[in-house]
Amino acid sequence: MSNSVRHGAAVCIDNCSKTFADGTRALEPASLDIARGETMVLLGPSGCGKTTMLRIIAGLEAPDAPGRVVFDGKDMTAVPIERRNVGMVFQSYALFPNMSVAENIGYGLKIRGVPKAERAARVAELVELTNITGLENRRIDQLSGGQRQRVALARAVAIRPGILLLDEPLTALDAALRERLRGELNRLLRALGITTIYVTHDQAEAMELGDRVVVMSKGRIVQIGAPRDIYFTPVNRFVAEFIGAANIVEAPIEKGHLVLPGGLQPVDGVADQAAAVAMIRPETIGVVDPASTSLAGIVESVSFVGDRQRLAVSGISTKPITVDAPNTLAVKSGERIGLSIAPGAIRLLPADN
Ligand code: ADP
Ligand code: MG
């Protein structure tokens with residue numbers, strides 16, 4: 001089973017909104033197509049409607065009329081969860097505490113009447129795939145958080161679901177473990193080749209795991225794209241600031257240059273604009289001799305974070321500019337430095353938000 005052939009169901013969310021009984025509008029009408037075998041990440045801040053969308057796909061919530069959920073061309077809107085062939089993993093593991101690891105993983109197969117020998121073989125396969133060999137006979141309360149999450153994942157995929165739904169599965173874990181499991185999960189999802197919808201508020205998780213990422217805000221889809229697209233070409237300020245670190249600079253453009261307090265900065269594609277909003281990623285800014293550039297400012301602070309150092313530079317724009325400099329650069333607070341930014345690294349955003 002460890003081939004990388006893409007399978008699973010194609011998912012189509014067609015014009016689905018959700019208004020809860022108390023009047024809360026959790027989701028504005030949203031449409032989304034997810035290909036067979038694709039990993040789609042729903043990313044956004046808490047309360048933006050991610051879980052609601054996932055629950056609509058699972059069949060735990062019904063969308064407002066006339067919304068439809070379609071799997072492989074078949075309308076599933078009225079089909080109950082147990083007949084949708086979905087596997088789910090939540091932030092809280094929801095494992096059966098009175099069963100062993102192996103019994104937890106095999107539970108879905110057992111209630112579907114899969115014969116014992118076949119069940120055991122499938123459980124063994126998943127134990128290996130999720131890296132929990134040797135823990136088969138442990139009780140759930142004898143496992144660490146990371147081990148529990150692996151069991152939850154193995155249990156969810158044991159039944160060979162057409163769609164795997166994951167709701168912030170790593171959020172409860174500490175940072176180092178979260179990062180390691182993220183890598184493992186990535187390899188596992190590629191190996192399974194199953195259609196996966198993964199909810200998170202963590203942009204690093206979204207980048208690593210998503211074939212595509214759906215950025216959501218206040219119940220709306222704001223942007224859908226590959227990780228590189230949403231990082232390099234965010235459609236607006238919200239996406240730019242939510243995905244990674246971003247300097248947002250507001251200034252006029254004259255004769256192809258942003259006119260900044262710290263000097264002139266060439267931009268691509270626009271000659272003149274009275275009030276431009278530009279995004280500049282900290283890692284795209286180079287530190288140079290101030291005599292060699294038209295853009296210079298004063299280092300306000302230097303934060304050494306190991307793999308790089310993050311500078312706050314004042315005098316360039318109205319707010320300090322964040323610059324990610326190499327960790328070997330000799331630079332200190334109070335120093336005057338020049339900044340070098342490739343025009344192509346500057347992304348102009350719509351001014352309306
Ligand atoms: P997220 O998963 O992105 O944090 P949710 O989908 O859980 O967001 O929630 C979206 C909005 O809907 C929030 O304002 C939340 O409080 C509200 N909400 C979620 N479930 C219910 C419910 N059963 N009844 C009323 N409001 C709800
Ligand atoms: Mg949620």
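Given the structure is predicted, the values throughout are model-derived calculations rather than measurements. Just follow the structure's listing: the first ligand is 1, and inside any ligand the first atom is 1.
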For [atom], find the nearest protein heavy atom and state the residue, atom name and distance (0.1 Å precision).
atom: atom 17 (C) of ligand 1; result: Thr24 CG2, 3.8 Å
atom: atom 21 (C) of ligand 1; result: Phe20 CE1, 3.3 Å
atom: atom 12 (O) of ligand 1; result: Ala26 CB, 3.2 Å
atom: atom 8 (O) of ligand 1; result: Gly49 N, 3.2 Å
atom: atom 13 (C) of ligand 1; result: Gly47 O, 3.8 Å
atom: atom 7 (O) of ligand 1; result: Thr51 CB, 3.7 Å

Legend entry - Which segment of Thr52 sits under 4.0 Å of ligand 1 when only heavy atoms are counted: both
Inset, instruction - Check each heavy atom of Asp22 against ligand 1 and say whether those closer than 4.0 Å belong to the side chain, the backbone, both or neither. - result: side chain
Legend entry - Under 2.8 Å: N/O/S of Ser46 next to the Mg ion (ligand 2):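 Not a single backbone or side-chain N, O or S atom of Ser46 is under 2.8 Å from the Mg ion (ligand 2).
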Inset, instruction - Output yes when the distance from some N or O of ligand 1 to some N or O of Lys50 is under 3.5 Å, and no in every other case. - result: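 Yes, Lys50 has an N/O under 3.5 Å of an N/O on ligand 1.
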Legend entry - Per-atom contacts, ligand 1 versus Cys48 - under 4.0 Å to a heavy atom: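 Per the distance check, 1 (P), 3 (O), 8 (O).
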Inset, instruction - Report, in ascending order of atom number, the atoms of ligand 1 lying under 4.0 Å from any heavy atom of Ser46. - result: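 Here the atoms of ligand 1 in question are 4 (O).
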Could you check whether [Y] and [X], counting side-chain N and O atoms only, form a donor-acceptor pair closer than 3.5 Å?
X: Tyr198; Y: Glu168; result: no
X: Thr200; Y: Asp202; result: no
X: Thr19; Y: Arg25; result: yes
X: Ser17; Y: Glu28; result: no

Legend entry - Atom pair CD1 (Ile163) and CE (Met88), whose distance is rounded to the nearest 0.5 Å: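 CE of Met88 is found 11.0 Å from CD1 of Ile163.
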Legend entry - Under-4.0 Å salt bridge between Arg190 and Asp211: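 Yes.
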Inset, instruction - Let me see the working for Asn137 and Gln142 under side-chain contact (heavy atoms from CB on, under 4.5 Å), right down to the final yes or no. - result: CA-CA 10 Å; Asn137 298 316; Gln142 296 171 314; over 6 Å; no
Legend entry - Pairs involving residues 270-299, ordered by first then second residue, that meet ring pair (Phe, Tyr, Trp, His ring centres under 6.0 Å) (sequence neighbours left out):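 Qualifying pairs, neighbours excluded: none.
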